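What follows is a set of notes on a single structure, which appears directly below.
Quick note on labels: first sequence line is chain A, next is B, and so on, each numbered from 1. This one's a predicted model, so the numbers in the text were calculated from it and none came from an experiment.
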Amino acid sequence: MEVLSHDIVIVGAGLAGLRAAIAASEVSDKLDVAVISKVYPVRSHSVCAEGGTNAVLREKEGDSYDLHAWDTIKGSDFLADQDVVEFFVKQAPEEIIKLEHWGLPWSRDANGRINQRSGGGQSFPRVCFAADVTGLQEMHTLYAKASTYDNVTFYNEWFATSIITEDNRAAGLTVIDLKTGEMHCMKAKAVIMATGGYARIYEFTTFSHTATGDGVAMAYRAGVPLKDMEFVQFHPTALVPQGILITESARGEGGHLINAKGERFMKNYAPDKMELAPRDVVARAETKEIEEGRAFVGPHGPYIGLDLRHLGEARISERLPLIRDIARKLGGVDPVKEPIPVKPAAHYTMGGIHVNIKTETSLAGLYAAGECSCLSVHGANRLGGNSTTDCLVFGRVAGEEAAKYALKNGFKNIPQQKVLEEEKRVYDGIFGSEGGEKVSAIRDALRKTMNQHVWIFRTEEGLKTALKEIRQLKEKFKNIKVEDKGKTFNTQLVEALQLDFMLELAEVTVVCALARTESRGAHARLDYPERDDERWLVHTLAYRTVDGPKLSYIPVTITKWQPTARKY
Amino acid sequence: MVGEAVKVVEFRIRRYDPESKKSYFSTYRVPVLRGTTILDAFNYIKDNLDGTLTFRHSCRMGICGSCAVNVNGKPMLACYTQVLDLNADVITIEPLSNLPVIKDLVVDVQPFFQNFKKIKTVLVKPVETLEKPEEFIQHPEDLKKYWDLTLCTKCSICYSACPAAIDERFLGPSALNTNYRFIADSRDEGFDERLKAVANNVWLCTSCNSCTLFCPKLVNCANSVVENRSLLVETGVIPRTVKDVLESVIKYHNPMGTHQSKRMGWAEGLNVKAYPNVAKADVLFFVCCSTAYDIRNREIARAMATLLNNLGVDYATLGAEEWCCGDHILRMGEKGLFEMLAEHNVEMFQKFNADRIVTVSPHCYNTFKNDKPYKDLGLNVQHYTQFLAEAIDKGKLKPSKPYPKRVAYHDPCFLGKRNQIFEEPRRILQFISGLELIEMKRTREASFCCGGGAGRVWTEEAEPEKRPCINRVKEALELGAEIIAVACPFCVTTLEDATKVLEVEGKIAVKDILEILKETI
């Protein structure tokens with residue numbers, strides 16, 4: 001077991017992690033930055049982002065920071081912290097330009113300027129895009145830029161298992177080098193969590209297999225509260241049956257949603273914005289169409305049709321080439337000729353590690369950015385195109401703040417005992433467990449439970465059932481057997497560690513959802529269908545205790561915009 | 001995935017246990033539904049049959065590049081390939097080639113990523129410009145010029161399929177493509193340094209086209225390599241060996257350094273008609289510079305003439321007016337010189353009255369079929385294997401003497417990979433009695449280049465271990481082949497040279513199919 005040390009350690013090499021690495025290196029080249037990622041950086045889930053990144057670029061043509069802020073806040077069903085949102089919208093344009101200067105091939109308008117298109121819930125077309133592979137382009141651009149700094153070291157295929165704390169300070173991490181299977185201790189002056197969301201706890205999800213919420217669980221276990229975990233976004237257009245994302249920009253380019261009768265049913269739910277209402281509104285509409293028997297029925301069950309035929313082959317090939325390829329290769333339909341079969345899938349987790357506007361957590365020296373964090377910019381529902389912006393803006397903030405902290409503070413000594421305990425937990429407790437339960441069986445049962453009881457429409461009964469089942473699965477987990485006994489590149493051990501994290505996060509999600517007796521944004525309770533600003537205009541905080549998550553509430557920051565009825 | 005299993009497919013997967021350092025095969029039977037991908041099959045195996053099977057995967061939508069593996073010899077993304085589309089009851093899965101195996105199907109991709117450190121992967125512009133807060137203007141037409149090249153996901157399939165990558169100096173198709181992507185980006189100002197970064201190794205590419213063929217995002221990396229070279233040629237920054245070839249073509253209209261008046265020297269005693277003595281024939285036999293001038297390869301041209309005589313075909317050649325077809329020259333990036341050669345040959349094709357053109361070299365065939373200005377003529381051109389297979393099918397050519405040898409057929413890249421001609425050469429060989437035809441392990445589209453294309457047959461400089469021909473001959477030796485049969489004079493040159501370097505001329509010989517056929521009639 002080696003003890004490694006770096007001034008700043010960033011966990012996760014997606015958009016937020018890479019942006020933080022760049023920002024920290026820009027503060028000072030004397031800082032030694034490590035980026036730990038359990039996959040090679042360009043494999044990160046961020047590459048799956050398709051539609052684009054929001055920013056106010058055309059003030060002269062009618063867009064404004066206030067408008068972007070208002071769209072975001074209304075989209076959040078007023079749970080977003082307005083001071084954070086005001087900061088967020090003002091920082092976004094700079095990120096677009098920076099990416100462009102580093103080489104990103106943004107799609108252009110006829111005058112050669114960066115093109116922008118419409119997005120759900122937005123009153124001005126401000127989604128900057130690179131065809132429908134925006135995430136891919138952003139990731140490769142950021143990775144290229146981050147690789148130019150001599151003081152950045154990449155630890156590729158290293159798996160972080162826990163945050164080590166000393167006197168309420170993040171002192172470092174325990175990490176496993178997957179190539180050797182050995183655990184090492186990594187000391188740090190500052191740690192940035194950028195491990196992404198946790199929607200893989202659901203069976204039908206747009207998420208990559210590797211995005212399992214590791215950092216959220218690690219922070220939770222280190223005593224940091226998680227915020228707003230009950231808010232999970234369901235994206236309206238995921239390919240049936242795999243759940244692969246079909247970008248919102250398909251609707252941004254003019255695509256329609258139709259039921260089996262060929263009706264554009266959104267006229268009954270959001271007559272103004274239609275298909276470009278915010279995602280929670282559309283997802284609920286689709287679910288109603290399915291539940292009330294108006295959806296198409298295919299070999300994989302009911303689905304909604306995403307109709308792009310009227311866009312024409314030329315436009316689809318230019319603006320939506322990736323999704324056309326995916327629909328043909330993996331969905332068996334050519335969108336030029338037929339509607340794409342879609343239905344809502346778990347897509348984004350608004351909740352996460354509780355941070356302030358500087359991305360600081362309650363643990364000194366620990367920062368969090370990207371989907372794993374919750375500021376809150378997105379409140380109860382995120383607008384399409386705002387997540388990639390969030391990763392860039394707050395990835396930069398985290399990098400800068402962590403750098404400033406690391407320049408002022410030294411390392412904290414880590415007692416060997418703490419590392420030995422973690423080794424015991426992982427190698428004896430999990431790797432060496434000789435029970436009878438299969439990791440894959442528990443994993444699949446968890447995902448099924450979440451799908452059935454913690455989906456778009458929730459009830460107290462369903463949530464209680466889910467909680468009971470999750471707790472049973474947690475018990476079962478203590479009795480697993482990891483078949484693969486090899487030390488080198490043990491992907492079964494990785495699955496077990498990830499499942500351990502996911503069970504934790506599922507429990508928190510359900511407990512928070514049970515407690516919130518209202519419907520707001522993506523959290524819709526059939527037994528409490530109204531929004532209740534008097535009691536519930538608050539953020540949920542969840543702390544880990546031996547008896548399960550303990551909840552408390554903090555107010556939402558309101559600056560300019562008073563909550564109003566949310567109609568589209 | 002719900003639904004009923006359409007069939008059960010057997011997966012033979014190559015395993016590697018790093019602890020015991022043992023390599024072996026595991027076999028699994030997997031129920032397959034409509035839509036099941038290879039990755040779905042892997043997950044099924046891991047969850048239900050064997051938890052130790054180890055592979056990489058993440059996005060399952062073909063965008064992260066994690067899951068590339070060799071499927072029945074061809075590299076592809078496991079998540080983007082449907083099992084039923086393979087039309088096979090048994091599927092063999094192996095890890096990607098050219099990269100060290102860590103465990104089972106997981107290979108070390110660090111050597112692949114290292115190459116990007118040798119080039120610049122961000123926009124190059126003066127610092128003051130980069131600090132300006134405004135966007136750079138780039139018109140849609142300009143973006144279109146390089147957009148397709150930006151779609152690379154760094155999955156390393158191209159690198160694993162590349163014959164030149166066995167030499168670690170070679171940056172690989174992906175890095176070379178990225179290099180050109182920036183040169184072609186109208187915003188970039190790093191032209192000189194970008195060319196410098198590739199100048200010393202870009203010539204190792206043989207234009208076999210494996211990279212473009214197997215790229216899951218359809219990035220034309222092979223073309224990007226040619227474009228890099230084209231710019232080097234324009235700026236004159238080329239190695240001596242490349243200069244020599246191009247200078248020979250300028251001076252002699254062929255790369256062999258010999259005056260065209262000697263072009264019919266190979267036909268001595270064979271009574272071959274040639275322009276200008278004749279200006280019309282059923283078949284225009286396009287000889288090729290290599291078989292016309294190379295002393296060893298003249299036997300191939302002679303064999304062709306002998307067979308055509310035996311068949312009683314009315315044929316002729318262009319004589320000294322047959323200039324180099326230009327295929328190698330075009331792949332080396334010398335577009336201007338290629339045009340000069342092509343214009344002349346096009347003029348000759350228009351002057352000479354023939355039903356069809358038959359070539360000995362797949363390179364001539366390839367360029368006549370696919371490159372402008374030849375392509376615009378819509379020529380009726382065949383490779384000799386197509387012409388002779390037809391003759392055998394019609395009973396006109398009757399190979400009667402036995403040829404009792406163990407023969408491995410090597411698919412030439414410009415015949416197979418590039419033009420999909422796989423069956424005719426095999427049909428010819430199978431027709432010969434006593435000939436035991438065996439397949440190379442890397443066969444058909446997955447054939448491994450002999451290392452001769454794009455002029456490398458003349459510019460070769462690599463150490464033996466890093467030459468594709470050595471690699472290929474070793475493969476044939478392992479199969480116990482006595483003869484390597486090919487249908488391209490450049491394959492003959494490189495592979496025969498390899499047998500000499502390896503000192504196995506006594507064990508294995510290299511023969512063109514024409515030479516084998518000549519011995520059997």
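If you take CG on B/L151 and CG on A/D325, they are separated by 10.0 Å, rounding to the nearest 0.5 Å. Atom OG of A/S440 sits about 6.5 Å away from atom CG of B/N48, to the nearest 0.5 Å. With rounding to the nearest 0.5 Å, the separation of CD in A/Q492 from CG in B/D47 is 8.5 Å.
Taking chain A as the reference chain and counting heavy-atom pairs below 4.5 Å, the highest number among B/K132, B/K144, B/K125, B/E141 is found for B/K132. Between chain A and the options B/P18, B/S66, B/C152, the largest number of non-hydrogen pairs under 4.5 Å is found for B/S66. Your options are B/E135, B/H139, B/M61, and the one with the most heavy-atom pairs under 4.5 Å with chain A is B/E135. Put simply, of B/D50, B/D185, B/V122, the one with the most heavy-atom pairs under 4.5 Å next to chain A is B/V122. Ranked by heavy-atom pairs shorter than 4.5 Å toward chain B, the options A/H209, A/E483, A/H101 are led by A/H101. In terms of heavy-atom pairs under 4.5 Å with chain B, the best-connected choice from A/E318, A/K485, A/R443, A/E495 is A/R443. Per-residue heavy-atom pair counts under 4.5 Å with chain B were compared for A/S208, A/A131, A/G332, and the maximum is reached by A/S208. For chain A, the option among B/E134, B/K117, B/K217 with the highest count of heavy-atom pairs below 4.5 Å is B/E134. For the set A/E94, A/K487, A/E100, the count of heavy-atom pairs under 4.5 angstrom toward chain B peaks at A/E100. Listed options A/I114, A/V39, A/L245, A/V133 were ranked by heavy-atom pairs under 4.5 angstrom with chain B; first place goes to A/I114. If you tally non-hydrogen atom pairs under 4.5 Å between each of A/L136, A/D444, A/V439, A/N490 and chain B, the highest count goes to A/L136.
Residue A/K98: no heavy atom, backbone or side chain, is found under 4.5 Å from chain B. Residue contact with chain B, scored on non-hydrogen atoms closer than 4.5 Å, is absent for A/S46.
Checking side-chain atoms of B/Q138 against main-chain N and O of A/R108 turns up no donor-acceptor pair under 3.5 Å.
Here the side chains of A/Y40 and B/V109 are in contact, with some heavy-atom distance below 4.5 Å. Inter-residue side-chain proximity for A/L330 and B/T37 is flagged as met; some heavy-atom pair is nearer than 4.5 Å. Using a 4.5 Å heavy-atom threshold, the side chains of B/T54 and A/D484 count as touching. B/T150 has its side chain within reach of A/Q137: a pair of non-hydrogen atoms, C-beta onward, lies under 4.5 Å apart. Residues B/Y146 and A/P105 have side chains in contact (heavy-atom distance under 4.5 Å, counting atoms from C-beta outward).
In this model, a donor atom of one side chain and an acceptor atom of the other lie less than 3.5 Å apart for A/H140 and B/K154. Between the side chains of B/E19 and A/T488, a donor-acceptor pair is found at a separation under 3.5 Å. In the model, A/K329 has no side-chain atom that pairs as donor or acceptor with a side-chain atom of B/T81 under 3.5 Å.
Relative orientation of the B/F113 and A/Y143 rings is perpendicular, given thresholds of 30° and 60° on the angle between their planes.
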* To do: Walk me through it: do B/K46 and A/T491 pass the test side-chain contact (heavy atoms from CB on, under 4.5 Å)?
  => CA-CA 10 Å; B/K46 195 169 175 83; A/T491 48; 2.9 Å; yes
